[in-house]
Protein chains: 2
Amino acid sequence: MIKNQMRMTHQRDIILRQLRKSTAHPTADELYEQIKKKLPRISLATVYRNLEILSTAGLIKKLEISGRRKRFDGELRRHHHVYCLLCHRVDNIDLGQEENFQFLPAKAGGYRITGCRIEFFGICPDCKKKLKETKKMGCKKCGNETLNDQQQQILKTLAQSATACGSKDIAAAVKLEPKQISSQLTTLKKKGYVASPVRCKYEITEAGKSAIA
Amino acid sequence: MIKNQMRMTHQRDIILRQLRKSTAHPTADELYEQIKKKLPRISLATVYRNLEILSTAGLIKKLEISGRRKRFDGELRRHHHVYCLLCHRVDNIDLGQEENFQFLPAKAGGYRITGCRIEFFGICPDCKKKLKETKKMGCKKCGNETLNDQQQQILKTLAQSATACGSKDIAAAVKLEPKQISSQLTTLKKKGYVASPVRCKYEITEAGKSAIA
DNA sequence: GTTGACATGGTAATAATTATCAAATACAAA
DNA sequence: TTTGTATTTGATAATTATTACCATGTCAAC
């Protein structure tokens, strides 16, 4: 809508193009990782700043989707989203015949309503597949002792490290959300497979080594 | 649903009761402020921890509402929300005849859908009123130079302070969101009414003093 | 009474985002 | 084309919201 007083710098242009290219609704950080390939010297702050400016200017949309991270969308036409409860990806969704249905509340409690968001959540195809595989693998008797993919990856990473690792170090090697890593580390610690010699630092135990042997 | 292995401690009980008492969908921090009046020694960590445990146990609901802060709800029956874009409050909303309408997408893109959330947004009654008052006050000619309520409050606070203040100091005196305070400080700085001698510290200028005189 | 699992308070750590500032850049006017 | 200046950038510090950690406390079962 309003493009006043906004210079179209090279960085800003690349960010806009990259966002329009896919329907993946990336976070600022994800977009930064993609754009670094083309502009290795770009700063994360520049990505954040421009996403804010572009959305204020109405050239992109800021999504207020489940989860604590902001996501952005290059598609301006009205549409809605599905959110995967397991891997946190966000996809577009087709509402079919309801698409043009103007949804309005009976009583708005005095609010001036300016918009409405319909958001579905569930489990995406990839995570469905992974769940199935996990079920296949786990035997019924020792199910609780079986390590999942993520846990095995983390243990293998720790096994290769000479010193105790922070969750950031592990995140660099294992492509997972930091939060998931922490949660898995806690589980592994309870099972006795990793130890935490210092706060927020983790290392593999002998039991852990034998678990991935 | 599952209350296994959860002790109903005094703190936990108070948190649950306090949450069930209102329909204000408080954040952990807001709830902490309320509960401190009854249990002055309670820790913020305890509030966070118990909200997590209570929602896992199914005794309360964690809301994934617009905004970066988690909100909690003591009402377990299915209902939807309105979110004020200006003051960020969240209220319940009545969907009327659509209440029992099971909303399902035509194509779920392979997702297994487990739920759907309908969220309205707009401007709450209080903010509508404030907007009206602001419009009344501002004269058309000098509109840009008029300071709004928030800005005046902030300037008065700074005028009373002997040293440069951080936004936290101001937040303690002026009951506003820290984000709004920073934003207003930036505006005030641009207008020359406040100066920033050190990063993140602000003090009133001579121009600022005359503006509130 | 002792034991052990769960809880608490206080605080450090973390993740995501925003603010700050010197240096670089875009762009309009000369 | 040059120049002046407001905007923008990259680097980094700060901030906010939340979670992790740990020593200490509580309570129920043996």
Side-chain angles (χ1 to χ4, degrees), chain A residues 4-15 27-32 35-36 39-54 62 67-72 88 166-171 177-183 185-187 189-190 195-202, chain B residues 4-15 27-32 35-36 39-54 62 67-72 88 166-171 177-183 185-187 189-190 195-202:
Chain A
N4 292 343
Q5 304 302 85
M6 186 184 63
R7 293 179 185 167
M8 188 47 75
T9 62
H10 188 46
Q11 290 90 332
R12 195 164 287 169
D13 189 49
I14 295 286
I15 290 169
T27 62
D29 188 63
E30 285 163 1
L31 209 46
Y32 171 62
I35 287 170
K36 258 205 298 192
L39 297 176
R41 298 191 51 76
I42 199 170
S43 155
L44 176 58
T46 301
V47 176
Y48 269 106
R49 212 172 327 145
N50 280 312
L51 286 171
E52 201 57 46
I53 291 170
L54 287 168
K62 194 180 343 179
R68 221 111 290 104
R69 304 162 80 190
K70 285 186 181 173
R71 292 181 172 275
F72 296 86
H88 312 298
S167 59
K168 269 189 183 173
D169 307 314
I170 300 168
E177 300 259 323
K179 198 178 165 185
Q180 284 186 36
I181 292 178
S182 315
S183 136
L185 281 171
T186 306
T187 310
K189 202 179 150 199
K190 269 188 192 162
S196 176
V198 196
R199 275 193 189 185
C200 301
K201 293 282 177 186
Y202 299 89
Chain B
N4 293 343
Q5 303 302 87
M6 187 185 62
R7 291 181 187 161
M8 188 48 76
T9 61
H10 188 46
Q11 288 91 333
R12 196 164 286 167
D13 187 50
I14 295 286
I15 290 169
T27 61
D29 189 63
E30 285 164 2
L31 210 45
Y32 171 63
I35 288 171
K36 259 204 299 192
L39 297 177
R41 299 192 50 76
I42 199 170
S43 156
L44 177 56
T46 300
V47 176
Y48 269 105
R49 209 174 325 133
N50 281 313
L51 287 171
E52 200 59 46
I53 289 171
L54 288 167
K62 195 183 338 183
R68 231 127 305 98
R69 305 162 80 192
K70 286 186 180 173
R71 290 182 173 274
F72 296 86
H88 313 296
S167 57
K168 270 188 183 174
D169 306 315
I170 300 168
E177 300 259 322
K179 200 178 164 181
Q180 284 186 40
I181 291 177
S182 316
S183 136
L185 281 170
T186 306
T187 309
K189 202 180 147 195
K190 269 189 191 160
S196 176
V198 197
R199 277 193 186 184
C200 302
K201 294 282 176 186
Y202 299 88

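Labels below follow one simple rule: chain letters A, B, ... track the order of the sequence lines, proteins then strands, and each chain is numbered from 1.
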Presence of [X] side-chain N/O under 4.0 Å of [N] phosphate oxygens OP1/OP2:
X        : N       : value
Lys70(A) : dT18(C) : yes
Thr46(A) : dG10(D) : yes
Thr9(B)  : dT8(C)  : yes
Tyr48(B) : dT19(D) : no
Gln11(A) : dT25(C) : no
Arg68(A) : dT16(D) : no

So which protein N/O to nucleotides 25-30 of chain D N/O distances come out below 3.5 Å?
none

Quiz item: Starting at the 5' end of DNA chain D and moving along, which residue's nearest nucleotide shows up first, Asp29(B) or His10(A)?
Solution: His10(A)
Self-check item: Position toward the 5' end of DNA chain D (nearest nucleotide), Leu44(A) or Arg49(A)
Solution: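 First, find each residue's nearest nucleotide; the 5'-ward one identifies Arg49(A).
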Quiz prompt | Counterpart residues, salt bridge (charged side-chain N to carboxylate O under 4.0 Å, His left out), relative to Asp29(A) (two or more places apart) | solution = none
Can you measure [X] atom [atom1] to [N] atom [atom2] for me and round it to whole angstrom units?
X        : N       : atom1 : atom2 : answer
Arg69(A) : dT19(D) : CZ    : P     : 15 Å
Glu52(B) : dT8(C)  : CD    : C1'   : 17 Å
Asn50(B) : dT19(D) : CG    : P     : 13 Å

Quiz prompt | Sequence neighbours excluded, every pair satisfying side-chain hydrogen bond (donor to acceptor under 3.5 Å, both in side chains) that has a member inside residues 41-52 of chain A | solution =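 Listed by first then second residue: Arg12(A)-Asn50(A), Glu52(A)-Lys62(A).
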Quiz item: Out of dA11(D), dG9(C), dT17(C), which has the shortest distance to the side chain of Arg41(B)?
Solution: dG9(C)
Self-check item: Nearest to side-chain heavy atoms of Arg12(B), which nucleotide of dT8(C), dA11(D), dG9(C)
Solution: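 The answer is dT8(C), which lies nearest to the side chain.
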Quiz item: Of the options Ile53(A), Leu39(A), Leu51(A), which is the one that meets Ile15(A) in a side chain to side chain contact (heavy atoms under 4.5 Å, CB included)?
Solution: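 Exactly one option meets the side chain to side chain contact (heavy atoms under 4.5 Å, CB included) with Ile15(A), and it is Leu51(A).
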Quiz item: Can you find a pair of side-chain heavy atoms, one from Arg68(B) and one from Arg69(A), that are under 4.5 Å apart?
Solution: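 No; the side chains remain at least 4.5 Å from each other.
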